[in-house]
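What follows is one structure encoded as structure tokens, with my remarks underneath.
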Amino acid sequence: MSKEIGITVKKNEDFSEWYTQVVIKAQLTDYAPVKGLIVLRPYGYSIWEYIKSSVDQKLKATGHENGFLPVLIPESLLSKETTHFAGFTPEVFWVTHSGDTEIGDRLALRPTSETLAYSMYSKWIKSWRDLPLKINFWNSALRAEIKSTKPFLRTSEFLWQEGHTVHSTKEEAEEEVAVILDIYRRTVEDELAIPVILGKKSEKEKFVGAVYTTTMESIMPDGKALQMGTSHFLGQNFSKPFDVKFLDKQNIETFAWQTSWGVSWRLIGALIMVHGDDKGLVLPPRVAPIQVIIVPIYSSQSDKDAVLKKASELNDILTKKCLRSHIDSRDEFTPGYKFNDWEMKGVPLRVEIGPRDLPKNKMVLVQRDSLKKSDLSFDNAEDEIVKILNEIQRSLFEKAKKILSDRIQNIIDLEQFKKEIENGMFLYSPWCGDQKCEEMIKESTGADIRVIPFDGKRSNAPCIVCKNPSKIDVIFAKGY
RNA sequence: GGGACCGUAGUCUAGCUUGGUUAUGAUGCUAGCCUGGGGUGCUAGAGGUCGCCGGUUCAAGUCCGGCCGGUCCCA
């Protein structure tokens, strides 16, 4: 009976099913009536809001502003940069009618907004004084996913932010690309407690239309790599077709240098996969919509009054400390039910207050990550709770970091490579730089070059595939 | 891109092979009581276009086709 309410499979036995159950049962999301689309429920949206506000603050602090772009982009505009268009066109949703009238230049539901943004930018930018232009857009993008959709990881519409900047020099634009990647890294590592590897994408895997793409990658418990965010250097690839140019200080007309970058609600998917356990979600305190859940326990009416009074005192103290605390005063559920319910929802700390505790001026504290129980005195409750929340945040990160480093292996032999890729490893291997070798690996093992790490070490071994001298060492893995 | 499976009340589910009166059970929900420190117990009640459209038939949840939605595995 109890099994049917909670998560019915174990995370390490049936990972896909586990993930699906967690997102639905923890009430993060639900399926929309259209294939591949999901609805964010308040609990899920709330997590997105914390991610959003973390990124947003950092963007504002580095001189970015927010804007808004419409969802419809005319085909004529979308197709202006040809590689970009060719890359996206298989997954574009098209609007072909307005009412009963057919639309001549059909309209795309934005798969991404480079083309639209830059057609506007070309109007707004005239002089070197107009630069840099750094605008970010919080919106959704639509890319038709024909098969195997999965909430947060692969859906036909997703929430994200897309930033689009314009600079007068190549150097400044490249600096921007790095600044943004660092903002992403800090958000993901510090708030979501997920360690990442920073680096570049290969030519094959880069954003269509970019000069190069920088990325942060992490590994999921099933051994698949997940791209957590990307920051692209566009060079002048878009400024030329879209005529984004300015008069420089020498009065010379110059094409601008551009960047674009984004993170999506995919980060929520990563959060679930990395930290969750057999009981459901485990949320890092910094992004938990509720950080402390207070469960009052009572039987008689007089106990109830006393317990609720104490619970409410504690709640006030925690709220004043800017902690997100909530009392579960639902009368229709037993404490046991509530314990399981909040554990499934991943609330980092639970405080139980019952008649036994009141005379001792204490309460029972339970950590979600370790399920460790301890007694906590009322007198220094808030300091202790803050301390433990910080510990949980740190410990989740450390745990994930260990898993990531344990999963990285240096491999120079192809046979060993094939074996380890099946074991769900991140393989750090030498590569000659030839796309043919990259494709050969993809065909024979299903693995991609996930990232060419910035802090790459050189093995100086021959290319894992062709045995010619290698240029660099890169990380291969199967991806989402 | 290839394959397997599923859709019956808010949720899970029996019935479908072999068509036949009023669609099974649990959970959840509502009311009342009991209980409460790990998914509590009792009593009563409400809750259904059997995913949608069409076909076969005297008769379809059940058989056939199409569509919609979902899950899993492989590339």
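Just so you know, these numbers use all the heavy atoms, side chains as well, and skip hydrogens, waters and symmetry mates.
When the C1' atom is compared between B:G47 and B:U30, the two are found 10 Å apart, to the nearest whole Å. A gap of 14 Å separates the P atoms of B:G61 and B:U24, to the nearest Å. Taking atom P on both B:A75 and B:G69, the two are 26 Å apart, rounded to the nearest angstrom. Separation of the P atoms belonging to B:U8 and B:A14 is 10 Å when rounded to the nearest angstrom. When the C1' atom is used for both B:G41 and B:G36, the distance is 12 Å, rounded to whole Å. Straight-line distance between the C1' atoms of B:C16 and B:C5: roughly 16 Å, to the nearest whole Å. Spacing between B:C29 and B:U11 at atom P, rounded to whole Å, works out to 14 Å. Straight-line distance between the P atoms of B:U13 and B:U18: roughly 24 Å, to the nearest whole Å.
The NZ-C1' distance, from A:K338 to B:U40, rounds to 13 Å in whole Å. One interatomic measurement links the two molecules: CD of A:Q301 to P of B:C34, which rounds to 11 Å at whole-angstrom precision. Regarding A:F333, its CZ atom lies at a distance of 15 Å from the C1' atom of B:U35, rounded to whole Å. We find that CD of A:E343 is positioned 12 Å from P of B:G38, with the value rounded to whole Å. Following rounding to the nearest Å, A:I24 (CD1) and B:C6 (C1') show an atom-to-atom distance of 15 Å. In this structure, the CZ atom of A:F339 is 13 Å from the P atom of B:G36, given to the nearest Å. Distance A:E439 CD to B:A75 P: 18 Å, rounded to the nearest Å. If you take CD1 of A:I294 and C1' of B:G37, they are 16 Å apart, rounded to a whole angstrom.
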Base-pair map of RNA chain B as dot-bracket, where | denotes pairing with a different strand and pairs are Watson-Crick or G-U under 3.5 Å: (((((((..(((.......[....))).(((((.......))))).....(((((..]....)))))))))))).

Could you go over nucleotides 69-72 of chain B and give all protein N or O partners under 3.5 Å, atom names and distances?
from	atom 1	to	atom 2	distance (Å)
B:G69	OP1	A:K35	N	3.1
B:G70	OP1	A:G36	N	3.0
B:G70	O3'	A:Y31	OH	3.4
B:U71	OP1	A:Y31	OH	2.4
B:C72	OP1	A:S16	O	3.2
B:C72	OP1	A:T20	OG1	3.0
B:C72	OP1	A:K150	NZ	2.7

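Side-chain atoms of A:D331 lie closest to B:G36 of the nucleotides B:G38, B:G36, B:G37. The listed nucleotides are B:G37, B:G36, B:G39; the one nearest the side chain of A:N340 is B:G39.
Using a 4.0 Å cut-off between a side-chain N of Lys or Arg and a carboxylate O of Asp or Glu, A:K321 and A:E382 do not qualify as a salt bridge. Remark: A:K345 does not engage A:E343 in a salt bridge, criterion side-chain N to carboxylate O under 4.0 Å.
With hydrogens and angles left out, the side chain of A:R350 and the base of B:G38 share a donor-acceptor pair within 3.5 Å. Between the side chain of A:D341 and the base of B:G39, no donor-acceptor pair under 3.5 Å is found.
No donor-acceptor pair closer than 3.5 Å links the side chain of A:D448 to the backbone N or O of A:R450. Distance alone, capped at 3.5 Å, places no donor-acceptor pair between the A:Q367 side chain and the A:I392 backbone. Under the 3.5 Å distance criterion, the side-chain polar atoms of A:S218 are matched with a main-chain donor or acceptor of A:P195. Between the A:E145 side chain and the A:G36 main chain, no donor and acceptor come within less than 3.5 Å of each other.
Between A:F476 and A:F417, the distance from one ring center to the other falls under 6.0 angstrom. Between A:F152 and A:W265, the gap from one ring centroid to the other is short of 6.0 Å.
As judged by a 4.0 angstrom heavy-atom cut-off over every strand, A:K279 is placed among the base-contacting residues. Residue-level contact check: A:G354 touches the bases, meaning some heavy atom is under 4.0 Å from a base atom. Heavy atoms of A:V295 sit nowhere under 4.0 angstrom from any nucleic acid atom.
A:T445 OG1 to A:I421 CD1: the interatomic distance, rounded to the nearest 0.5 Å, is 5.5 Å.
Each of A:L358 and A:E422 has a nearest nucleotide on RNA chain B; the 5'-most of these lies closest to A:L358. Nearest-nucleotide positions on RNA chain B for A:R356 and A:G446 put A:R356 closer to the 5' end.
When all heavy atoms of A:I452 and A:D473 are compared, the pair lying nearest together is CG2-O, 4.4 Å.
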As a quick check of understanding, evaluate side-chain hydrogen bond (donor to acceptor under 3.5 Å, both in side chains) for A:S260 and A:E114, giving each step before the final call. CA-CA 8 Å; A:S260 73; A:E114 277 78 5; 2.8 Å; yes

